[in-house]
Amino acid sequence: MSEDPRAAVAELVQRARQGRLVLYTGAGLSLAEPAAGPRSWQLADRLRPAVAELLGVDLETLAGDNLERLGARVVAEAADKMSELRRRAANAAPFCTMEPNYGHEAVALLMREGVVKAVTANWDLGIETAGTRLDIKIAGVTTALERAALGQQLPLYKVHGCASRPETLKATREEVDEPMKWARAEVQQALVDGTVVFIGLGTIGAYVSEPFDELVPLWRAAGATIKVVDPELSKAWREALGDDADGVHIDADAAEFLDDLLRAIAREALGQAAQRIRVIQDEQAAWTRTMLDGIERLDEALRDATGQAVLRWMRDGVTHARDGSSSSTTRASNR
């Protein structure tokens, strides 16, 4: 907590408090240990022998084909075997049993706090499992019908499908377009004068590559600002963003960005509590001075804590807030 978050991240706190922040995560979120999710080329390498078997061709003829190219070949030459390819793709890595990493836990916490809407291109259940371990009910949804069937669970919009339901997986570029539009419609309210942050969707890429030139205008259509989090802005992003590229780029990996965001939100909550005490200090000087002293000592005590730990601590003391509604940025929580 003692380290200042990046200025570009701190600027997002106001959008988060207004419920106008959307996180769109890619494969980069799941790379870090202990999740150790596969890179797109690793997934293609694991599936290439299966595709050779399904098509009855020599493995050498598929050399260098990425996942979407492998999927396209199955569609063209043996369309009736696409369901089998999806089943094998869902089992080509431990997507369903993935051990959540810091980034997964951070997204789950932010969803519980009601300060972000989350969209992912990932097949894995890292965020959902992180939520379960934090006693947060998160459900990956891949269609509007699944969204309508949710009860008290928080929706994680999975635009490329979910490995727990292989039939939903998007394995070719042609299958990507409509889910993008559906997910944007689901978070439309947050996008109006809001911000969408793409995380880990750059040089690493998702399992099926994103059409960046379509993503940018689609997600900006409602007046949303775009930010791209990646240690290095890819050529595809630069071409799609044009002259805006450098202003849009946040130079960080997924964990660094999310740690900054958690810290910025926790700092904002503590600052809000102190400010509210100062507002009434003139009328109740004696007891507000005691409270202000307590806030200052708390701030000092928390300097060595992580933003995640502080946000979890704040939430653990709250009983009135449902998952998906804020406890750290509302007046009721700063009691």
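Small disclaimer: the values here were computed from a predicted structure and weren't measured. Heavy atoms only: backbone and side chains are in, while hydrogens, waters and symmetry mates are out.
The environment of Asp243 atom CG is sparse: at most 12 non-hydrogen atoms of other residues, nucleotides or ligands sit within 6.0 angstrom. The number of heavy-atom neighbours closer than 6.0 Å to CD of Glu77, taken from other residues, nucleotides and ligands shown, is above 12.
Taking all atoms of both residues into account, the shortest heavy-atom contact from Ala190 to Gly19 is CB-O, 3.4 Å. Heavy atoms only, all atoms of each residue included: Ser30 and Asn122 are closest at OG-ND2, 3.5 Å. Of all non-hydrogen atoms in Gly247 and Lys227, the two that sit nearest each other are O-NZ, 3.4 Å. Gly37 and Leu31 make their closest contact through O-CD2, 3.2 Å (heavy atoms, listed as atom of the first residue, atom of the second, distance). For the residue pair Met180 and Glu210, the shortest heavy atom distance occurs at SD-OE1, 3.9 Å. Listed here is the closest heavy atom pair of Leu43 and Ala92: CD1-CB, 3.6 Å.
Under the 3.5 Å distance criterion, the side-chain polar atoms of Arg238 are left unmatched by any main-chain donor or acceptor of Ala245. Not one N or O on the side chain of Glu105 forms a donor-acceptor pair closer than 3.5 Å with the backbone of Pro100. No side-chain donor-acceptor contact under 3.5 Å links Arg39 to the backbone of Gly28. Put simply, the side chain of Thr168 gets close to the backbone of Cys162: a donor and an acceptor are under 3.5 Å apart. In this structure, the side chain of Arg184 does not engage the main chain of Arg220 through any donor-acceptor pair within 3.5 Å. With Arg112 contributing its side chain and Ile136 its backbone, the two residues share no donor-acceptor pair below 3.5 Å. In this structure, the side chain of Arg15 does not engage the main chain of Leu21 through any donor-acceptor pair within 3.5 Å. Judged by distance alone, with hydrogens and angles left aside, the side-chain atoms of His160 form no donor-acceptor pair with the main-chain N or O of Trp123 at under 3.5 Å. No donor-acceptor pair closer than 3.5 Å links the side chain of Trp182 to the backbone N or O of Thr142. With Asp213 contributing its side chain and Ala240 its backbone, the two residues share no donor-acceptor pair below 3.5 Å.
In this structure, a donor-acceptor pair under 3.5 Å is present between the side chains of Asn101 and His104.
Annotation: side chain of Gln153 is not in contact with side chain of Val141 (no heavy-atom distance under 4.5 Å). Looking only at side-chain heavy atoms (C-beta outward), Trp237 and His249 stay at 4.5 Å or farther from each other. Considering only heavy atoms from C-beta on, Pro38 comes within 4.5 Å of Tyr207 through its side chain. Inter-residue side-chain proximity for Arg133 and Thr129 is flagged as met; some heavy-atom pair is nearer than 4.5 Å. Under the 4.5 Å side-chain criterion, counting only non-hydrogen atoms from C-beta, Val216 is not in contact with Asp244. Using a 4.5 Å heavy-atom threshold, the side chains of Phe95 and Leu169 count as separate. Looking at heavy atoms from C-beta onward, Val208 lies out of side-chain contact with Thr172 at the 4.5 angstrom threshold. By the 4.5 Å heavy-atom criterion applied to side chains, Glu167 and Ser83 are not counted as neighbours.
Atom CG of Asp124 sits about 10.0 Å away from atom OG1 of Thr97, to the nearest 0.5 Å. Atom CD of residue Glu3 and atom CZ of residue Arg267 lie 9.0 Å apart, to the nearest 0.5 angstrom. In this structure, CG in Asn66 is found 7.5 Å from OG in Ser40, a value given to the nearest 0.5 Å. Between Arg165 atom CZ and Thr143 atom OG1 the span is 8.0 Å, to the nearest 0.5 Å. Taken to the nearest 0.5 Å, the CG atom of Asp45 stands 11.5 Å off from the CG atom of Leu62. One distance of note links CG of Asp230 with CD1 of Ile250; it measures 11.0 Å at 0.5 Å rounding.
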Q: Evaluate salt bridge (charged side-chain N to carboxylate O under 4.0 Å, His left out) for Glu53 paired with Arg88, printing each intermediate quantity in order.
A: CA-CA 12 Å; Glu53 176 191 333; Arg88 297 199 188 191; 3.1 Å; yes
Q: Dump the intermediate steps for side-chain contact (heavy atoms from CB on, under 4.5 Å) on Leu258 and Ile199, then the final yes or no.
A: CA-CA 9 Å; Leu258 290 165; Ile199 306 172; 4.3 Å; yes
(Q) Let's go through Leu215 and Leu201 carefully: what are the C-alpha distance in whole Å and the side-chain angles of both, what is the deciding distance for side-chain contact (heavy atoms from CB on, under 4.5 Å) to 0.1 Å, and is it a yes or a no? (A) CA-CA 11 Å; Leu215 268 179; Leu201 203 74; 4.1 Å; yes
Q.
I'd like to know whether Leu12 forms a side-chain contact (heavy atoms from CB on, under 4.5 Å) with Phe257, so could you lay out the CA-CA distance, the side-chain angles of the two residues, the decisive distance to 0.1 Å, and finally the verdict.
A. CA-CA 11 Å; Leu12 297 175; Phe257 167 80; 3.8 Å; yes
Q) Would Val159 and Val176 satisfy side-chain contact (heavy atoms from CB on, under 4.5 Å), going step by step from the backbone distance to the final call? A) CA-CA 7 Å; Val159 293; Val176 169; over 6 Å; no
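The residues Lys158 and Glu128 are annotated as salt-bridged, a charged nitrogen and a carboxylate oxygen being separated by less than 4.0 angstrom. Between Arg6 and Glu256 there is a salt bridge, since a side-chain N of the basic residue sits under 4.0 Å from a carboxylate O of the acidic one.
Leu29 is connected to Met111 through a chain of hydrophobic side-chain contacts under 4.5 Å among Ile, Leu, Val, Met, Phe, Trp and Tyr, so both are in one cluster. In this structure, Leu156 is a member of the same hydrophobic cluster as Leu261, with clusters built from ILVMFWY side-chain heavy atoms closer than 4.5 Å. No continuous path of hydrophobic side-chain contacts links Met98 to Ile127 [ILVMFWY only; heavy atoms under 4.5 Å]. The same ILVMFWY cluster, assembled from side-chain heavy atoms under 4.5 Å apart, contains both Leu233 and Phe212. When the side chains of ILVMFWY residues are joined at heavy-atom separations under 4.5 Å, either directly or via intervening members, Val57 and Leu54 end up in a single hydrophobic cluster.
Checked against Glu84 for a salt bridge (Lys or Arg N to Asp or Glu O under 4.0 Å), the options Arg86, Arg87, Lys81 give a single hit: Arg87. If you run side chain to side chain contact (heavy atoms under 4.5 Å, CB included) between Leu23 and each of Leu110, Val119, Val115, Val229, only Leu110 comes through.
Using cut-offs of 30° and 60° for the angle between ring planes, the Phe198 and Trp219 rings count as perpendicular.
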